[in-house]
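Take a look at the structure set out below.
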Amino acid sequence: DTNFFESIERIEIIACGTSKHAAMVGSFLLEQFSGIPTHVFYASEFRYSPPPLAPNTLTIGVTQSGETADTLAALNMEIKRREQFGNDLYKPNVIAITNRVESSIGRQISNIIDVSAGIEIGVAATKTFFGQLLSFYGLAITFAQIKKSKSTQEINKLISELTSLPPILKELVNTHNAISEKLAHDFSDIKDVIFLGRGINYPIALEGALKLKEISYIHAAGYPAGEMKHGPIALLDKKVPVISIATPGKVFEKVISNAQEAKARDAFLIGISPKSDGTEIFDYLMPLPVIDEWLSPLASIIPLQLLSYHIAAHRGLDVDQPRNL
Ligand code: M6R
């Protein structure tokens with residue numbers, strides 16, 4: 001319904017964990033590509049401190065399982081407070097992005113984007129994270145078309161690159177499966193890993209760190225690369241690998257210069273980047289294909305997921321059933 005999309009002036013997204021990271025990429029796209037002010041909230045925070053009500057707002061709940069209590073409660077609370085407000089401009093407009101249409105969220109919300117990635121068997125969400133990203137690309141493109149935030153040419157270029165990605169990413173999975181397996185041997189005894197990314201890849205740094213923590217039990221933290229010098233840099237020495245996502249585009253040089261700062265502290269630098277001028281700085285390069293910067297998270301997440309998988313497997317851990325989760 002074009003009118004529905006046209007009327008939306010701002011977006012709030014509610015999610016937890018990996019779904020929150022997908023939502024952060026989504027938020028970047030919805031703001032920067034589709035031109036709509038967007039905020040992402042941890043569902044557990046939103047429940048107890050929701051933002052002041054704003055008119056013409058789309059609320060998006062993102063949950064792989066469709067059963068996360070905080071996400072359901074935050075979404076229901078938002079629907080209720082908007083209904084109670086009783087002003088048509090403030091009425092709830094809700095979409096849920098889930099991989100389980102037959103779930104609580106599927107029963108409660110009528111506008112569903114079905115991620116359709118098949119059952120996520122492992123506790124650590126991977127393919128459904130990718131599917132959530134694709135859902136956001138679909139939404140951002142639709143908004144951009146309706147709001148005319150980008151030219152038809154730019155939008156069509158993005159759609160055509162997006163549709164040409166599957167064979168490229170398939171090859172990336174194969175290459176990085178082998179690379180990560182080798183790298184995992186050197187990494188299985190490390191205690192801390194820092195992940196850096198900027199712009200659209202900052203949430204990918206967060207997700208890389210979360211995946212490593214939850215399946216390999218190695219402490220990891222993700223930062224916007226430009227923030228590293230404001231504290232986390234104190235952690236660095238040669239025992240702390242720094243994994244830096246440096247995709248071609250607006251912030252490439254910036255990320256390389258942040259990597260230089262880490263190198264000056266003797267950190268072992270791993271680059272997630274296409275080989276190019278500037279990437280010699282990395283002690284080890286996990287090569288990416290060159291793709292449009294808007295689409296780069298779809299590629300940069302793959303080596304990070306595979307690396308976590310192989311490090312956990314090398315440590316003899318059950319990658320499908322992490323402890324405590
Ligand atoms: O099913 P949900 O997407 O609502 O789950 C949210 C988080 O609990 C979930 O993403 C968690 O962080 C995963 N273990 C990540 O792999």
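In listed order, ligands and their atoms are each counted from 1.
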Taking only non-hydrogen atoms of A125 and a 4.0 Å limit, the atoms of ligand 1 in range are 15 (C), 16 (O)
Are a donor atom and an acceptor atom from the side chains of N201 and S300 found within less than 3.5 Å of each other?
yes
Is there any N or O on Q132 that sits under 3.5 Å from an N or O of ligand 1?
no
Once you restrict to heavy atoms under 4.0 Å, what part of K211 touches ligand 1? Side chain, backbone, both or neither.
side chain
Are D292 and K157 within salt-bridge range, i.e. N to O under 4.0 Å?
yes
Can you name the atoms of ligand 1, numbered from 1 with element, that are less than 4.0 Å from a heavy atom of T68?
1 (O), 2 (P), 4 (O), 5 (O), 6 (C)
Checking contacts here: is it the side chain or the backbone of E67 that comes within 4.0 Å of ligand 1, counting heavy atoms only? Could be both or neither.
neither
For Y309, I'd like to know if atom OH has over 12 heavy atoms of other residues, nucleotides or ligands within 6.0 Å.
no
Just which atoms of ligand 1 are under 4.0 Å from any heavy atom in Q64?
1 (O), 2 (P), 3 (O), 4 (O)
Polar contact flag for T71 and ligand 1 (N/O pairs, less than 3.5 Å):
no
Under a 3.5 Å distance rule, please check whether T57 uses its side chain to pair with a backbone N or O of P55 as donor and acceptor.
yes
Does D114 come within less than 4.0 Å of R100, counting only side-chain N to carboxylate O?
no
May I ask you to list the atoms of ligand 1 that are less than 4.0 angstrom from any heavy atom of S19?
2 (P), 3 (O), 10 (O)
Nitrogen or oxygen of A124 less than 3.5 angstrom from that of ligand 1:
no
E214 heavy atoms, cut-off 4.0 Å: which ligand 1 atoms fall inside?
13 (C), 14 (N), 15 (C), 16 (O)
NZ/NE/NH1/NH2 to OD/OE distance under 4.0 Å, E261 and R265:
no
Check each of K211, Q132, E120 against T18 using the side chain to side chain donor-acceptor pair (under 3.5 Å) test, and report the only one that passes.
K211
